[in-house]
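Structure record follows, encoded as structure tokens.
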Amino acid sequence: MPGFEWSTAADHRFNVNLSILFTELPLLERPAAAAAAGFSAVELWWPWTDSPTPARSELDALRKAVEDAGVRLTGLNFYAGQLPGPDRGALSVPGEESERFRANIDVAADFAASLGCTALNALYGNRVEGVDPAEQDALALENLALAARAADRIGAILLVEALNKPESPLYPLVSAPAAIGVVDKVNEATGLGNAKFLMDLYHLSMNGEDLPSVIERYVAKTGHVQIADNPGRGAPGTGSLPLEDLLARLRKAGYDGWVGLEYKPGDRPSAEAFAWLPAEARAAR
């Protein structure tokens, strides 16, 4: 697999998503595995899919695993239902799921704060049959404003992500402009300005978006970038996305934040899925 040009890799700070990579290992072993692969930063989906409010002992065990591995947690999702699985978030789903999201807000924010994590991702949630989309959108804005205030309390940003329609047909934010529209509404509602776009190049490419144009138009409102190749959602070099060029465009446009590696390792151990990235480019400088 071809590696990136060192000049491109050197311009970015990479972190590993431990909810899609190293999943062949128990959760508490994954931070150390990422460190052994040369990385100094990790991110996570909400690890307890069945519980927005896990026991203190579970939170403490994960915190200790991250600290003991010597890696930094740079991104964390709020509770998002069954993910991976059928759900795509909870905050716009009326009833119990919305209540679970609200119960999770301070738990997730406090856990993030304990590890110095300054980015919290709030997945919007699927459309629900028989519920007026306008009702869901009003609920979403209310919950996102609560999440933005909690993020602000710990000095963090709130991320709003666009997914892709082929894999998430019930998710309403399936374009960069749709997600940016929500970001703008949250910032208007709170006056905090800490809601940002999560630019996932894999999802946007699956939607057929013009990625150079998205970068040019929205980089100033982008708080985090995630990458995977397309087709297949594998490591860079396994598909046809010009990720090296896109990352260079991001850097030229002024993006200096984290780039999350959110791809599938394929039929091999995750530790072998980083050949594209020079070892000296893995640890954040």
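Scope of the values below: all heavy atoms of this structure, side chains included, with no hydrogens, waters or symmetry mates.
- For the pair A35 and V71, the tightest heavy-atom approach, listed with the atom from each and the gap, is CB-CG1, 3.8 Å.
- No donor-acceptor pair closer than 3.5 Å links the side chain of S98 to the backbone N or O of G95.
- Counted by atom type alone, E161 and H224 present zero donor-acceptor pairs between their side chains at under 3.5 Å.
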Given L250 and V225, is the side-chain contact (heavy atoms from CB on, under 4.5 Å) satisfied, shown in steps? CA-CA 9 Å; L250 274 161; V225 170; 4.0 Å; yes
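- With hydrogens and angles disregarded, a donor-acceptor distance shorter than 3.5 Å links the side chain of R282 to the backbone of A37.
- Ion pairing between R153 and D106 holds under the 4.0 Å rule for side-chain N and carboxylate O.
- By the criterion of side-chain heavy atoms lying less than 4.5 angstrom apart, applied directly or through intervening Ile, Leu, Val, Met, Phe, Trp or Tyr residues, Y255 is not grouped with I157; the two fall into different hydrophobic clusters.
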How far apart are the C-alpha atoms of I215 and M199, what are their side-chain angles, what is the distance that settles it, and do they pass the side-chain contact (heavy atoms from CB on, under 4.5 Å) test? CA-CA 9 Å; I215 290 168; M199 184 187 293; 3.9 Å; yes
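- The two atoms that bring N17 and S19 nearest to each other are OD1-N, 2.8 Å, heavy atoms only.
- For the pair W46 and V107, the minimum side-chain heavy-atom distance is below 4.5 Å.
- In this model, no donor atom of one side chain and acceptor atom of the other lie less than 3.5 Å apart for N143 and S92.
- Remark: R149 does not engage D152 in a salt bridge, criterion side-chain N to carboxylate O under 4.0 Å.
- No side-chain heavy atom of Y218 sits under 4.5 Å from any side-chain heavy atom of K196.
- Open room surrounds CD on E188; 12 or fewer heavy atoms of other groups in view lie less than 6.0 Å from it.
- One finds a salt bridge joining R102 and E142 here, because a Lys/Arg side-chain nitrogen approaches an Asp/Glu carboxylate oxygen to under 4.0 Å.
- A heavy-atom distance below 4.5 Å is found between the side chains of L139 and P94.
- Taking each heavy atom of L144 and A122 in turn, the nearest pair found is CD2-CB, 3.7 Å.
- Atom CG of residue L76 and atom CG of residue N121 lie 9.0 Å apart, to the nearest 0.5 angstrom.
- A donor and an acceptor atom, one from each side chain of Y171 and R88, are nowhere located under 3.5 Å apart.
- Between R100 and E97 there is a salt bridge, with a side-chain nitrogen of the basic residue lying less than 4.0 Å from a carboxylate oxygen of the acidic one.
- Residues L198 and V183 do not share a hydrophobic cluster, clusters being chains of Ile/Leu/Val/Met/Phe/Trp/Tyr side chains in contact below 4.5 Å.
- N104 CG to T53 OG1: the interatomic distance, rounded to the nearest 0.5 Å, is 8.0 Å.
- A distance-only check finds a donor-acceptor pair linking the side chain of Y263 to the backbone of A273 [under 3.5 Å].
- One distance of note links CG of N77 with CG of L120; it measures 9.0 Å at 0.5 Å rounding.
- Nearest approach of P47 to L44, heavy atoms of both residues: CG-CD1, 4.3 Å.
- You'll find the side chain of P52 stays beyond 4.5 Å of the side chain of F101, heavy atoms only.
- Atom-to-atom distance recorded for R63:CZ and D68:CG is 12.0 Å, nearest 0.5 angstrom.
- Although no hydrogens or angles enter the test, the distance criterion places no donor-acceptor pair under 3.5 Å between the side chain of S168 and the main chain of K165.
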Begin from the C-alpha positions of K264 and I20 and carry the test side-chain contact (heavy atoms from CB on, under 4.5 Å) through to its verdict. CA-CA 6 Å; K264 299 175 182 178; I20 193 168; 4.0 Å; yes
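- Side-chain N or O atoms of E209 include none that pairs as donor or acceptor with a backbone N or O of V214 at under 3.5 Å.
- Of all the heavy atoms in D229 and A235, the pair that sits closest is CB-O, 3.4 Å.
- Contact annotation: the side chain of F274 approaches that of L21 to within less than 4.5 Å [non-hydrogen atoms, C-beta and beyond].
- For the pair Q226 and H203, the minimum side-chain heavy-atom distance is 4.5 Å or more.
- Listed for the N230 side chain is no donor-acceptor partner under 3.5 Å among the backbone atoms of Y202.
- Cluster annotation: L83 and L91 are assigned to the same hydrophobic cluster (Ile/Leu/Val/Met/Phe/Trp/Tyr, side-chain heavy-atom contacts under 4.5 Å, transitive).
- Within the 4.5 Å cutoff, the side chain of F197 has no heavy atoms near those of the L159 side chain.
- Note: L163 CG to N126 CG = 8.5 Å, rounded to the nearest 0.5 Å.
- One hydrophobic cluster, built from ILVMFWY side chains closer than 4.5 Å, cannot hold both L173 and V93; they sit in different ones.
- The aromatic ring centres of F39 and F14 sit 6.0 Å or more apart.
- Residues L73 and V42 meet the side-chain proximity criterion, which asks for heavy atoms closer than 4.5 Å.
- Around CD of E67, the count of heavy atoms belonging to other residues, nucleotides or ligands within 6.0 Å exceeds 12.
- If you check the side chains of D50 and Q82, you find a donor sitting under 3.5 Å from an acceptor.
- For the pair N194 (side chain) and A156 (backbone), a donor-acceptor distance under 3.5 Å is present.
- Of the inter-residue distances, the one linking L201 atom CG with L247 atom CG reads 7.0 Å to the nearest 0.5 angstrom.
- Salt bridge status for E262 with R233: present, with a side-chain N to carboxylate O gap under 4.0 Å.
- A donor and an acceptor atom, one from each side chain of S175 and N207, are nowhere located under 3.5 Å apart.
- Hydrophobic clustering (side-chain heavy atoms under 4.5 Å, transitive across Ile, Leu, Val, Met, Phe, Trp, Tyr) keeps L192 apart from V160.
- Salt bridge status for D11 with K252: absent, with no side-chain N to carboxylate O gap under 4.0 Å.
- Of all the heavy atoms in P212 and R249, the pair that sits closest is CB-NH1, 3.6 Å.
- Checked by atom type and distance alone, the side chain of S51 never pairs as donor or acceptor with a backbone atom of W48 at under 3.5 Å.
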